[in-house]
Amino acid sequence: MNAPSDDMTSSIAWLDALVDACHERCHRGVIWIPASAETAHARAFSLWRARTWQAPLWVGSATPSESIDALASRQARTRLGREHDLIIIDAGVSSGFDPDAFGALSGTLRAGGLLVVLTPAEWAGGQAGPDADYARLAHWPHAPTTLSAHYLVRLARGLLREPSVWRWVDEHATPRPARMPEASTPAVSSSDDACMTHDQQEAVYRLTRLRRRRPVVLSADRGRGKSAALGIAAARRLAAGETTLWVTAPRQAAVEPLFERLAALYPHGHRGEARFHVTLAAGECEVRFLAPDAVMAALSEPGVERHAPPTLFVDEAAAIPTPLLARWLDAFPRLAFATTVHGYEGTGRGFQVRFYARLSRRTPDWREIHLREPVRWADGDPLERLTRDMLLLDAAPAADGEAEVALAGAPLRMRWLDRQALAHDEPGLEALFGLLVQAHYRTTPSDLRQLLDGPDVRLAVAYAGDTCLGVCQVQAEGGFPDDLAERVVLGERRPRGHLLAQSLAAHGGWQTALTSRWWRIMRIAVHPAARRRGVGRALVEAVATAARTHDVAHLGVSFGAEATLIAFWRRLGFISLRVGLTREASSGEHALMMGRALTTPAGAALSAWSEDFQHLLPSLLAFELAHLETDVVTALLHEGAAPEVNADLCARLERFAQGGGELALARPWLCRAWLAWWRRQPQEVASSETPGEDTNALHDWATTLFQGHEVEATRAMGRQARLAHWRRLAGLLRCRLTPTP
């Protein structure tokens with residue numbers, strides 16, 4: 001394409017007025033160009049050339065000029081921690097709109113900057129079709145062009161509705177002026193020179209004065225200076241005499257502002273790859289970044305006192321699995337959790353539901369601090385409002401009181417929703433998506449697009465009156481022809497999608513997993529006020545009933561293995577089929593796949609697959625899954641038939657209990673006896689959080705018997721003390737397997 005002329009560039013008189021207004025009010029402006037690709041690129045390039053921008057960024061697959069380097073949308077996260085004053089997002093048909101890239105990059109635009117969005121011309125009329133980015137959404141046998149585009153239509157309506165967006169449509173030489181950014185109320189100033197707001201000052205004060213077993217939770221929306229507050233507090237803890245402080249987050253880029261504040265406050269310090277080093281009055285001091293999976297291992301490093309470890313700051317805690325946070329809560333006397341309430345980094349509301357109750361049980365004196373005042377832009381920023389609306393970052397379910405009133409006043413009813421109608425029902429969509437946001441570790445902007453336009457997706461929703469109390473998102477899978485299924489099993493093909501069916505076929509060798517038809521429950525969520533009232537069960541049974549009417553033989557589910565979730569699905573008739581050998585990046589847990597048969601032939605197949613899994617499991621626990629959490633291990637081992645208890649087994653137990661032999665020589669029979677005892681326990685006992693002391697000791701013995709290492713209770717014992725402990729447990733097993741009349 002031809003570059004725009006200098007006359008075209010110089011004619012944009014309105015641009016200076018808009019940028020000046022944004023700078024004056026500490027806001028960010030939004031320009032929308034719905035036009036043909038050639039026109040949109042020419043206009044965007046004219047904006048690029050009209051001023052001397054600091055760190056401008058073009059995002060999209062098509063480079064409009066040799067003088068501009070375009071960043072692919074999939075690389076958007078590489079810009080986290082940086083700042084731009086011009087971002088052009090090419091969301092035309094050839095590039096497509098990437099929700100995750102939009103969410104990530106909107107937070108990198110500094111106050112006074114401009115976001116320019118290029119879209120197809122049809123968006124100006126509230127219409128849209130699938131774009132190039134829908135290729136990531138389509139799975140076999142669907143082509144991207146055959147998908148619905150309810151999500152994009154909703155975005156177009158949002159851009160048309162937002163009064164602060166400047167629209168530069170095809171037939172106009174200049175944008176239609178939106179209202180200029182309104183003057184904002186000045187934030188309450190801070191008396192602390194290092195802090196930008198009173199909120200941030202209060203957070204730093206609390207973080208600097210952390211006390212043993214009294215953790216602090218710092219929550220904030222994006223742009224509130226949360227990570228910077230951690231950096232200021234880290235600097236002051238070093239100044240007060242600490243020599244080592246650890247920091248963790250899902251990605252190192254998330255804590256870049258923390259290290260930037262350290263460098264600004266201690267310019268004589270040295271910044272390394274994952275640490276900051278400085279010499280102070282207390283001596284050599286260091287702040288060190290650790291990936292989440294390296295934190296517990298670092299406690300065993302030379303020079304680290306296990307009972308007095310360094311202070312730990314956890315940033316973006318909502319994106320880290322709750323079991324991992326709980327282990328840190330036990331291991332670190334002084335720690336702080338910081339999390340973004342809204343945004344692509346993680347979902348703070350889900351974090352609150354899952355983790356706050358555990359905090360209250362284990363450390364009842366914990367304290368929460370919430371940052372409300374923006375730091376990087378002023379309150380009322382147009383781009384922040386637009387991003388929240390377009391990506392539903394504010395999505396929340398009905399209030400607890402409303403849900404309780406609805407439950408008391410109306411019976412529960414199930415509905416299958418029409419997704420096109422849902423895309424036009426903003427309150428209904430917000431309540432439904434808000435439930436999903438609360439229930440999962442991380443909800444990304446692209447999850448909303450999957451909900452509205454994913455092929456073969458169905459939505460079962462539970463209502464009491466008009467109040468949404470539960471949702472089940474279902475994905476159809478399987479139904480492959482025999483030849484394609486065979487090639488998948490042989491590793492020659494891996495069509496897009498069909499997560500559960502393909503995994504069972506490729507890793508288990510079960511070709512019929514692909515030729516059979518499945519409904520996989522992608523996500524299920526129940527309102528907190530409606531839990532333990534049968535809503536989840538009712539949703540799953542509604543899905544099972546509908547699946548049978550569609551000649552679907554199997555229900556399936558895949559999730560991060562966690563003991564309470566395993567117990568939930570087992571109560572609903574699901575059995576374990578496969579566990580991942582490595583931890584999932586999204587949850588930090590091993591993925592577990594479970595299935596439920598809806599027909600007699602399907603039941604026979606699933607039983608055979610489950611028996612294969614149970615036969616394989618002890619070997620996996622001894623090697624690849626040797627560090628799987630004890631609660632998950634025992635939950636998985638609870639499935640299957642209890643081994644036979646005969647006189648020979650009892651005699652071997654008795655011999656070991658009375659002092660005969662070493663553990664290694666008795667282990668096969670001890671494992672068999674343990675399984676015989678454990679699989680006889682009712683499901684309620686197996687999933688209880690408060691078993692008796694002896695039952696708890698036997699429960700934890702699974703770690704030693706099947707994984708070959710000690711639990712915390714016996715790790716500090718000497719060899720003879722451990723052996724005596726094991727002999728006592730063998731005696732307990734002997735008594736419980738053959739109780740005295």
Side-chain angles (χ1 to χ4, degrees), residues 23 26 52-57 78-85 107-113 187-210 216 218 220 222-249 251-291 298 303 310-316 334-336 338 340 369 371 373-377:
H23 275 292
C26 207
T52 302
W53 305 97
Q54 297 297 316
L57 179 65
T78 65
R79 297 300 173 123
L80 294 177
R82 305 187 190 182
E83 288 191 331
H84 307 277
D85 60 359
T108 69
L109 189 69
R110 64 167 62 96
V188 178
S189 60
S190 168
S191 58
D192 185 330
D193 291 342
C195 299
M196 299 186 66
T197 65
H198 180 74
D199 275 357
Q200 194 179 60
Q201 179 181 344
E202 175 67 14
V204 169
Y205 176 84
R206 297 295 179 186
L207 292 168
T208 306
R209 288 159 178 78
L210 279 176
V216 166
L218 179 61
R222 295 174 66 190
R224 267 61 183 174
K226 164 183 58 62
S227 298
L230 293 176
I232 299 168
R236 293 188 177 169
R237 295 190 71 87
L238 298 184
E242 285 191 46
T243 58
T244 306
L245 188 144
W246 291 351
V247 177
T248 188
R251 304 171 313 281
Q252 187 173 338
V255 294
E256 183 64 25
L258 183 155
F259 283 99
E260 287 179 354
R261 293 305 297 157
L262 281 170
L265 293 169
Y266 292 132
H268 59 289
H270 173 69
R271 171 75 184 276
E273 175 62 27
R275 61 189 68 207
F276 180 84
H277 183 271
V278 65
T279 303
L280 300 174
E284 301 298 314
C285 301
E286 181 180 78
V287 176
R288 176 183 172 192
F289 173 81
L290 293 167
T311 298
L312 178 66
F313 283 176
V314 183
D315 204 359
E316 297 307 342
R334 289 184 173 86
L335 78 168
T340 304
I369 303 167
L371 303 184
E373 303 168 31
V375 168
R376 288 187 288 179
W377 48 78

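Because the structure is predicted, anything quoted here is derived from the model rather than measured.
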Original post:
Which heavy atom in Ile232 sits nearest to a heavy atom in Cys195, and how many Å separate them?
Top reply: CD1-SG, 4.1 Å
Original post:
When rounded to the nearest 0.5 angstrom, what is the spacing between CD in Glu202 and CD1 in Ile369?
Top reply: 5.5 Å
Original post:
How long is the span from the OG1 atom in Thr208 to the CD atom in Glu242, to the nearest 0.5 Å?
Top reply: 9.5 Å
Original post:
Of all heavy-atom pairs between Val287 and Ala234, which one has the smallest distance, and what is that distance?
Top reply: CG2-CB, 4.4 Å
Original post:
At what distance, to the nearest 0.5 angstrom, does CZ of Arg251 lie from CD of Glu316?
Top reply: 7.0 Å
**OP:** Provide the closest heavy-atom pair for Ala194 versus Leu265 in the form atom of the first, atom of the second, distance.
**Re:** CB-CD2, 4.2 Å
Original post:
Yes or no on side chain to side chain contact (heavy atoms under 4.5 Å, CB included) for His84 and Thr108, after CA distance, side-chain angles and deciding distance?
Top reply: CA-CA 6 Å; His84 307 277; Thr108 69; 3.3 Å; yes
Original post:
Donor-acceptor pair, Thr311 side chain versus Leu245 backbone, under 3.5 Å?
Top reply: no
Subject >> Straight-line distance of His23 NE2 to Asp85 CG, nearest 0.5 Å >> reply: 6.5 Å
Subject >> Spacing of Glu256 atom CD and Asp315 atom CG [to the nearest 0.5 Å] >> reply: 12.0 Å
**OP:** Test Arg237 against Leu210 for side chain to side chain contact (heavy atoms under 4.5 Å, CB included), laying out the working first.
**Re:** CA-CA 10 Å; Arg237 295 190 71 87; Leu210 279 176; 3.5 Å; yes
Original post:
Would you find a donor on one side and an acceptor on the other, under 3.5 Å apart, between the side chain of Glu373 and the backbone of Thr197?
Top reply: no
Subject >> Non-hydrogen atoms of Ala203 and Leu371 that approach each other most closely >> reply: CB-CD2, 3.9 Å
Subject >> Minimum heavy-atom distance Arg376-Ala111, with the two atoms named >> reply: O-CB, 3.3 Å
Original post:
Arg288: what forms a salt bridge (Lys or Arg N to Asp or Glu O under 4.0 Å) with it, not counting sequence neighbours?
Top reply: Glu301
Distance-only criterion, 3.5 Å: show the donor-acceptor pairs between side-chain atoms of residues 276-283 and protein atoms not counting sequence neighbours.
from	atom 1	to	atom 2	distance (Å)
His277	NE2	Glu284	OE1	2.9
Thr279	OG1	Glu284	OE1	3.2
Thr279	OG1	Glu284	OE2	3.1

Subject >> Arg271 bridged to Glu260 by N-O distance under 4.0 Å >> reply: no
Subject >> Side chain to side chain, Val247 and Leu230, heavy atoms closer than 4.5 Å >> reply: no
**OP:** Indicate the atoms forming the closest heavy-atom contact of Val255 with Ala249, along with that distance.
**Re:** CG1-CB, 3.7 Å
Original post:
Which distance, rounded to the nearest 0.5 Å, do you find between the CZ of Arg224 and the CE of Met196?
Top reply: 12.5 Å
